[in-house]
Structures are given as C-alpha cells and as structure tokens.
Amino acid sequence: MMRDYEERSLKGKTPHCLFKIGGFQRFTLIDYPGKVSCIVFTQGCNFRCPYCYNVELVLPEYFGKTIPQEEILSFLEQRVGKLEGVVITGGEPTIHAGLKDFIEKVKKPSFSVKLDTNGSMPEVIEELIKDKLVDYIAMDIKAPPDKYEEVVRAKVDIKAINRSINLIMNSGVDYEFRTTVVKNQLSKDDILKIAEWIKEAKRYYLQKFLPGKTLDPDFSNKTTYSDEEFAEILSFIKDNFSECALR
Ligand code: SF4
C-alpha cells in the first residue's frame, strides 16, 4: 500500500486524488482562535508519536473510508456567512500532494484556513505562506532537537523542523507553537530547552497529555505534570514569549 507521504513524489500528476480526508467535524468553537470553524482531518502521518490519540488517522491498518473532498466543499458552500474558518489537521496534512489544491478551493468562498502541522515539510509550509493560503499555523514542537526522534518514534530531519520554525516565525502569518507533555518523555529541563530553541515566538502553549486511547497502548495511562509543576515551568519560560500558557 502506498504511504501518504510517498505520494508527494507524485505531485502534479493527479493532485485531486492525492488528498486523503479521513474525518470531518462540522463545527468547532475551540480549534481556531476567534473563529467558528469546521475541521478536516487528513489521513496518514510520517511520525509515530506514542501518545497520539488519532490512531485511525495515523496507522494504515486502522484507516477507515476516506471522505470525498467534494462532500466537504459542497458543505462549505452552504455555510458561507455561517462558518468563518476551516481547520486542516491530521494525521499530517503537509504530506499530501493535494493539500494546496484543496486549500485553494476552500479559500475561494473566502474561508480562513488554519493549518495544524508537525513541521516536517518546510517546503510545503513555505509555498502555502508565499501563496497566502494559510491564515493561522499551529506547529507542534515535539521535543528538544536531541530527543526528537525518540519522542516521535520516526526518522526526523531536525534541519527541516528548524526551517519550519523560522519560516513560521518570520512569515507575518498568525501562529502558535505547542508541545504535548507526557511526563516520562519530557523532563522539565527538556521543556526549558524547547523554550530556548523557539525563544521570542509569539505564542507557545504546553498541552497536558490526558489518558485515553493512544497509538502505543502502553501510553494510554501515562501521566503529565501537576498544575503546580506546570506553573513552576511556566514561570521559567513565559518571558521568552508574547503569550505562553498551559492548555
Ligand atoms: S501526534 Fe504525532 S503521530 Fe499523531 S498526528 Fe500528530 S505528528 Fe502524527
């Protein structure tokens, strides 16, 4: 079976088919800051974060039926003036060669687009920024550079991650960085290292890992830091950012 991220090599051939949508949520008030939105979930990811909740969107053996993009575009046509934004999340949206083509169609009736990304494809992010196709970017910072591969359980080009960080910070597009914190994966020192790495970013959020169904079943009951411990961490890092908080 062809992997989604392998499809990028086919870019330009039949991009219409190369954007696999594995899920769709018609309404959200919390996933796009300040905008009433819907969420498109792409299928497939090039990382294997053990704490990931989106098993059906990441592991090919659990993939469900894909949703034709026409279905979503026709839903959006009927929501002009009611919905403001479309959140594109995953999986990892940037591994799909048809991403740009899909966003162009979404933006025609003038919806704002928020992209959630793991930052592994800076060239895709760069093109979307250059063509003014994204209005908000949320990038996960998974770990300090030296622990990245261990935390996401995949081969990672740290230069690519770094390039995405710099592109986003200098893009003029609204953005946030965020880190999901599982206590046994990230020490307090690791979080301080991340905060130093992305220093002067506009927004940085720490996200509490919550127990649930995870990619690695051994992670389903892992814990995160206590509110008091997070408060202490935030007190050390908050001055690095315009906005920094716990979610
Ligand atoms: S949490 Fe990790 S594995 Fe899950 S979708 Fe995001 S990058 Fe992929």
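Counting starts at 1 for both ligands and their atoms, following the listed order. Given the structure is predicted, the values throughout are model-derived calculations rather than measurements. We're numbering straight along the sequence, starting at 1.
Of all protein heavy atoms, the one lying nearest to atom 4 (Fe) of ligand 1 is Cys52 SG, 2.3 Å. In this structure, the protein non-hydrogen atom closest to atom 2 (Fe) of ligand 1 is Cys49 SG, 2.3 Å. If you check which protein heavy atom lies closest to atom 1 (S) of ligand 1, you get Lys142 NZ, 3.5 Å. The closest protein non-hydrogen atom to atom 8 (Fe) of ligand 1 is Cys45 SG, 2.3 Å.
Heavy-atom proximity to Phe47, at under 4.0 Å, picks out these atoms of ligand 1: 3 (S), 7 (S). Remark: ligand 1 atoms within the under-4.0 Å shell around heavy atoms of Gly91 are 5 (S).
Residues passing the side chain to side chain contact (heavy atoms under 4.5 Å, CB included) test with Ile141, sequence neighbours excluded: Met139, Tyr148, Ile165, Phe177, Thr179, Ile194, Trp197, Ile198.
In summary, Lys130 and Glu127 do not engage in a salt bridge, as defined by a charged side-chain N under 4.0 Å from a carboxylate O. Electrostatic pairing of Lys114 and Glu176 does not count as a salt bridge here, judged by no charged N lying under 4.0 Å from a carboxylate O. A salt bridge between Asp135 and Lys35 is absent, with no side-chain N of the basic residue lying under 4.0 Å from a carboxylate O of the acidic one. For the pair Asp174 and Lys202, the salt-bridge criterion is met [side-chain N within less than 4.0 Å of a carboxylate O].
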